[in-house]
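A short write-up of the structure that comes next.
The shown structure was predicted, so the numbers you read here are calculated from the model rather than taken from an experiment. So you know, we letter chains A, B, ... as the sequences are listed, proteins then strands, and number each from 1.
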Amino acid sequence: MNDIRLVCNFNIDLINNFQGKAIVIKTNNIDEIQHINHVVNKENKLHCIVVNHNGALSTLPVTDNWEGIPIHIFATRFGNFMQFIEQKHIYHKLSIRVFLSAEIETNYRDLQILSSFGIDCGLYFPNKSINWEKLNDLMYYSAYGKVQHASIEPFDFVIKKFEYNTPIDFSNVYFENPHQYLHISDEGKVALSGLDLHNCKFITENINDLENIHQSSEYKNVLNNWQNFFTKLEDCSCCPSWRICLGKFNHISDKTNTCQPFFNDLMDAAELFHENKSKFKTRELCQP
Amino acid sequence: MPTIIFKPTESCNSNCAYCDVVARKAPKTMSLELLETTFIKINEYLLENNKEKLTLIWHGGEPLLLGIDYFKTALRFINEHCKETKHLLEHAIQSNLTLMKQEFIDIFREMGITHIGTSFEPIANIRGPGKEINSKVYNKKFFEGINILKDNDFGWGFIYVVTKKALSRPLDIFYFLSNLKLSGGFMMNPVLIYGKDENDISITPKEYVDFIGEIFPVWLKNKKRYPDVDPFKTIMKNIEEEGESLGCVDSGNCAYGHLYIGPSGETSQCGRSEDWGIINYGNINDRSLKEIFEDPRREELLIRTNYLLENDCAGCRFWKICHGGCPLDAYSPEKEGLMRKTAWCDVRKLFMEKYFEPITGIKFNK
Amino acid sequence: MANLLLTETCVRSCPYCFAKKHMADSASDNILSWENLIYVADFLESSGDKHIALLGGEPSLHPNFIEFIIYLLERNFHVNIFTSGIMSEEKLMESTKVLSGINPERLSFVCNLNNPKTSNFSEVESVKRFLKALGHLTSPGFNIYKPDFDLDFIFQYINQFGLKKHLRLGLAHPIPGKKNKYVAIDEMQKMANRLLEFNEHFARFHVTCGLDCGFPMCVFTNEQLGSLYKISSGHLKFGCGPAVDIGTDMSIWCCFPLSDFHKKTIFDFDNMHEVVQFYEEKQRLVRGEVSGLFEECDNCIHANDRLCSGGCVAHQLSWFKDEAMVRMEGIYYE
C-alpha cells in the first residue's frame with residue numbers, strides 16, 4: 001500500500017506511526033506551514049498541505065517563507081483585487097494552488113484572472129450549487145485559452161489525464177479518490193473520503209490494518225461502487241461522458257441541461273488535447 | 001483454423017427471455033467418459049493435421065455449471081491425451097460469469113484462456129434466473145464475476161441482444177454498453193426468436209437496422225472513444241481489408257471451418273444448425289473428427305456460395321461483405337433448403353443504403 | 001494595437017463626436033466584463049501585441065476602471081487610456097493614488113481636450129483637476145472639427161499641468177448615416193493654414209504634434225509640409241487604415257466613423273492580423289470606387305507610393321449613402 005497517500009490533520013503522534021508515506025496535511029493554521037513541512041519530511045514525504053481559509057483569498061497573508069512547500073489553499077472567494085495584487089508577486093514564488101468555491105458566481109471569473117496571471121488554481125464544490133454556464137465558460141478558458149496560462153482544476157486534470165480506455169476520477173484533485181488517498185482520523189481510524197471521516201464512517205479502526213487494506217472486502221467494494229450505476233439503464237450510466245465524471249452529479253434531476261452538456265464539452269476538449277499530444281510528440285534532445 | 005463449438009452442457013442458471021434452450025430441451029450434460037473420448041478424437045485429428053490449430057469454444061447453457069472438478073478433469077484429459085498436440089488446441093469460453101470463482105480462473109489460465117466472452121442486458125427482466133427473470137440478482141453476480149476477471153487481468157467482451165424493449169433508446173443503450181466497458185469489445189445482435197414470442201421482445205429486421213442506424217453516426221464520429229463495437233467495426237474493417245476478416249456468417253466459406261459437438265456427442269455444422277436440427281454429421285463416438293470435417297455434405301455449403309452469386313445475389317453491390325449471409329439463417333425445409341440468401345440480407349442492405357453509405361460517403365460498386 | 005471600449009456612455013456630448021453612431025446603437029449600461037477583458041488581452045497577446053488602448057464612452061466610468069488598468073499592467077501590457085478627464089473626485093483620488101507612480105512608458109493617458117471657452121465651467125474644472133493629478137502621464141488630444149480652431153489653451157495646459165509635450169491632433173470625419181460636425185472638404189486647406197499658424201508655438205514650447213488618421217497630404221503646401229515634418233519630429237503620416245475598435249460586447253469594427261461598416265465580433269477572427277487584413281480589404285474595395293476626397297486622388301502618385309491615402313474613407317461612404325444602392329451593396333454586404 002505504499003502508493004496510497006494518507007490525508008490527516010497535523011498530529012505529530014499520528015504522523016510518527018508512519019514511515020516513508022506520502023502525506024497530505026490538513027490545517028487551518030497558516031503559521032504552522034513551515035513546521036509541518038519540517039516535521040512531516042523527517043520520516044515521510046509531505047505530499048501537500050491543505051489550508052482551509054474560511055474567507056477571501058486576498059486577506060490571506062502569504063509569505064515567501066513557504067517557498068518550495070506544496071500548498072493547496074481553499075478559500076471561499078477571491079476578495080479585493082487591489083489587495084490581492086499587493087501579494088501577487090509572492091504567489092509566483094510558491095508551489096501553491098488556490099481553490100475557490102463554486103458556490104460564489106464571481107469566483108468563476110476570478111479564477112480566470114488568477115489563471116491568466118499564471119497562478120495555478122481550481123474550483124471546489126462545497127455543495128451541489130453550480131452555475132453550469134459559468135463552469136462551461138471557465139472550462140473553455142482553461143482548455144482553449146489563446147495564450148499560455150496556469151492550470152485550472154479540475155479541468156486540467158481531466159484534460160491531461162484523459163485516456164480512451166480508462167475512466168478518470170477528478171476527486172484526485174481534492175485528495176478524495178480512495179484508489180489513491182485514504183483519510184486518517186487523529187485516533188488512527190481509516191476512512192475512504194473526507195466526508196466518511198467527518199461522518200465517522202471508517203473501514204478500519206486500526207491504523208495497523210493500513211498495510212493490508214487493499215485486501216479488505218469493504219475497500220474493494222468501494223472501489224467497485226461505480227458498478228452500482230450499471231445495474232439499471234439510468235441517466236448517469238447512459239451519459240456519453242460518464243468516463244470523466246463517474247456519476248458525481250447523479251443527484252441532479254435535469255441532467256440533460258446541466259452536467260451532461262458540460263461534461264460532453266469537457267470530454268471533447270480532453271480528446272482534442274490527447275489527439276494533439278500524440279500528434280506533436282515532444283522532441284527529446286541529448287543533454288550534456 | 002477450424003472452430004469447434006463445444007457444448008458440454010445445455011443447463012443454464014439463467015432464464016433469459018430470448019433463449020429457449022432450457023425450455024425446449026431437457027438439458028443434458030456430457031459425461032466424463034464422452035469428454036475423454038472427445039479429447040482423444042481431437043488428439044487424433046491434430047496428430048494427422050499437425051499444421052492446423054483447433055479452437056475449442058466452451059459453450060452452453062452455462063459452462064460454469066459444469067463445476068470446477070469437471071474442468072479440472074478436462075484439463076487432466078488434455079494433459080494425458082493431447083500431450084503432443086495440446087499446443088495446437090486453443091480454448092475459449094462463453095459464460096454469463098454469474099458463477100465465476102477464482103478456482104475457475106486458475107484452471108482457465110492453465111488452459112491458456114485469458115479472455116471470456118459474455119453477454120449483458122441493462123433492461124430489467126430480460127436476463128436473469130427464475131420465472132420472473134430476476135435481473136437484479138443476475139447483474140449483482142455478473143459484476144462479481146467481472147471483478148474476479150479484473151483482479152486476474154482477464155479480458156472480456158460481450159454480446160448485447162437487441163429486443164423490442166430496447167428500440168426506443170438506442171443511444172442510451174449504446175452509451176451504457178460503452179461505459180460499461182470503455183475499451184470496447186461488444187456486439188449488438190438482433191434477437192432471434194425461434195418459437196412463440198412469449199415475452200413480446202421480437203423485432204423486425206427494419207427495427208434492428210434503425211436501432212443500429214441511430215447509433216452508427218455517433219460511433220463513426222467517435223471511433224476512438226468506442227473502439228471495438230460491432231457490427232460497425234467489422235464492416236469498416238472488411239472495407240479496409242476487402243473482406244479478409246469476415247466472420248462465419250458473412251464469409252461464404254464456413255463449410256470446412258466449423259463444427260458443433262453437443263453433450264451427447266452429437267455433431268453438426270455449428271450451434272445454429274444443431275438448434276434447428278439440420279446438417280448433422282453423426283456422433284463423435286462413431287466417427288473420427290477427420291471424417292466429420294470431410295463430410296461430403298459440407299460441400300453443399302460451398303456450392304451455395306457459387307449458386308447465390310449467379311442467382312439470388314447476382315449483381316448485388318454488397319456481395320463482397322455478405323456472400324448471401326449465414327446458410328443456416330437462410331435454410332428453409334419447404335423451399336430450396338440452403339440455396340437461398342438469408343432473410344437478414346435485406347437488413348444488411350437496408351443498413352448499408354440507408355445509413356452506412358450516406359453517412360460515410362463510401363459507395364459500394366457492383 | 002486595438003482600442004477596447006470599457007463603457008459605451010460618455011459624460012460629454014461633443015458636436016464632432018465620431019463615436020455618435022456606435023453610442024446611439026448601444027445600450028448605455030453596456031460595460032466590459034472581466035471575462036471579455038481577459039479574452040481581449042489573450043487575443044492581443046496571442047497576436048504578439050502587448051499594446052492596448054482603453055476608451056469609451058468615458059472609460060473611467062467603468063466600476064473596475066482602475067482594476068482593469070492594473071490587470072493589464074500586471075500582464076505586461078502597455079496601456080494607453082483615452083479620456084475626457086472628467087471623473088468624480090473620488091474616482092480621481094483613487095486613480096491618482098494607484099496610478100500616478102506608474103512608469104509613463106507603461107501607462108499613458110490621452111486627454112481629449114475641448115476649448116474651455118466653449119465648454120461649461122464644471123467640465124473645465126474637472127478636466128483641470130485631472131490634469132493636475134495625472135498630467136505627468138497625459139498627452140493632450142484635440143479634435144479639429146472646424147477650420148477656425150484654437151490651440152492656445154493646449155499650450156497653456158501643457159505648461160500649467162506638466163503634460164507630456166506631444167499633442168495628438170485628430171480630424172473629425174463624417175459618420176455615414178449620422179450627423180456630426182466635421183471639416184468639410186472645401187475647408188480643409190483653411191484648416192491646414194490654421195494649423196500651421198501654431199507652428200511657432202510648437203517650436204517655442206518644444207511640443208511635438210502627431211496627426212491622427214485621415215488628414216489628406218495635399219491640403220498642405222510643400223512649405224507647410226516641411227514645417228509639419230519638423231513639429232512632428234519626422235513622424236508624419238497621411239494614412240487611413242483600420243484602427244480596430246472592440247466593443248464591450250466583443251463586437252469589432254474598423255474605427256468609430258466606420259462603426260457600422262462590416263461590424264463583426266472578435267470571435268470571428270483568430271488574431272489581430274486577420275482583423276486588420278479583413279478591414280484593409282474592405283477599405284480597399286471602397287477606394288476601388290473612389291480613390292480619395294479629391295478627383296485628383298485617382299491619379300495621384302502619392303496614393304500609389306502610399307504616402308497619402310486620400311483622406312478618411314468615411315467621406316466616400318457618406319457619398320455612397322446618398323446614391324442609389326449600387327456601389328453600397330457591393331461594399332457593405334458580402
Side-chain angles (χ1 to χ4, degrees), chain A residues 56-58 62 77-93 98 100 102 104-121 123 131-152 155 265 269 272 276, chain C residues 2 6 31-50 52 62-77 79 90-91 93-102 106-107 246 248-250 252 265-275:
Chain A
L57 180 71
S58 62
V62 291
R77 62 186 197 284
F78 179 68
N80 182 285
F81 179 82
M82 298 306 290
Q83 195 180 14
F84 173 80
I85 287 292
E86 283 171 24
Q87 302 199 87
K88 178 179 155 268
H89 65 285
I90 302 176
Y91 279 87
H92 289 301
K93 294 181 194 172
V98 172
L100 301 179
I104 295 173
E105 294 226 343
T106 50
N107 283 347
Y108 295 85
R109 65 131 211 250
D110 291 335
L111 286 168
Q112 270 197 45
I113 297 174
L114 285 168
S115 168
S116 70
F117 278 155
I119 296 167
D120 293 301
C121 55
L123 264 183
N131 182 327
W132 291 99
E133 202 184 325
K134 283 189 178 292
L135 188 72
N136 211 31
D137 287 348
L138 186 62
M139 183 278 287
Y140 261 77
Y141 178 75
S142 173
Y144 301 110
K146 281 186 159 298
V147 291
Q148 205 174 2
H149 52 80
S151 62
I152 306 177
F155 319 122
D265 284 354
L272 186 70
N276 288 340
Chain C
L6 301 195
I31 60 167
L32 185 77
S33 68
W34 268 105
E35 287 88 344
N36 284 347
L37 174 77
I38 295 169
Y39 188 86
V40 172
D42 287 355
F43 187 83
L44 292 177
E45 191 175 327
S46 73
S47 312
D49 188 353
K50 293 287 257 184
I52 190 165
H62 196 288
N64 298 115
F65 173 63
I66 297 166
E67 282 101 326
F68 280 10
I69 295 168
I70 296 298
Y71 173 81
L72 291 166
L73 291 171
E74 287 287 333
R75 287 194 57 182
N76 292 321
F77 274 87
V79 183
E90 193 190 354
K91 178 64 74 73
M93 211 150 62
E94 204 188 333
S95 302
T96 309
K97 187 177 148 203
V98 177
L99 305 176
S100 65
I102 293 169
R106 302 202 50 224
L107 172 68
I246 302 166
T248 55
D249 61 351
M250 296 289 96
I252 195 163
T265 90
I266 195 169
F267 308 113
D268 294 329
F269 303 98
D270 262 348
N271 52 52
M272 275 302 283
H273 179 69
E274 275 185 14
V275 179

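Atom CD of C:E274 sits in a crowded spot, with more than 12 heavy atoms from other residues, nucleotides or ligands closer than 6.0 Å. Heavy atoms from other residues, nucleotides or ligands lying under 6.0 Å from NE2 of A:H92 number more than 12.
Within the model, atoms NZ of C:K97 and CE of A:M82 stand 8.5 Å from one another, a figure rounded to the nearest 0.5 Å. Distance check, rounded to the nearest 0.5 Å: CG of C:L73 to CD1 of A:I85 gives 9.5 Å. Rounded to the nearest 0.5 Å, atoms NZ (A:K146) and CG (C:L44) are 10.5 Å apart.
Residue A:L138 does not touch chain C at all, counting heavy-atom pairs closer than 4.5 Å. Proximity to chain C is absent for every atom of A:Y108, based on heavy atoms less than 4.5 angstrom apart. Contact annotation for C:D270: both backbone and side-chain heavy atoms come within less than 4.5 Å of a heavy atom of chain A.
Of all non-hydrogen atoms in C:R75 and A:S116, the two that sit nearest each other are NH1-CB, 3.7 Å. Closest approach of C:E67 to A:F81, counting heavy atoms only: CG-CD2, 3.3 Å.
Using a 4.5 Å heavy-atom cutoff, the side chains of A:H149 and C:I38 are not in contact. You'll find the side chain of C:E35 stays beyond 4.5 Å of the side chain of A:D137, heavy atoms only.
Between A:F117 and C:Y71, the ring centre distance stays below 6.0 Å.
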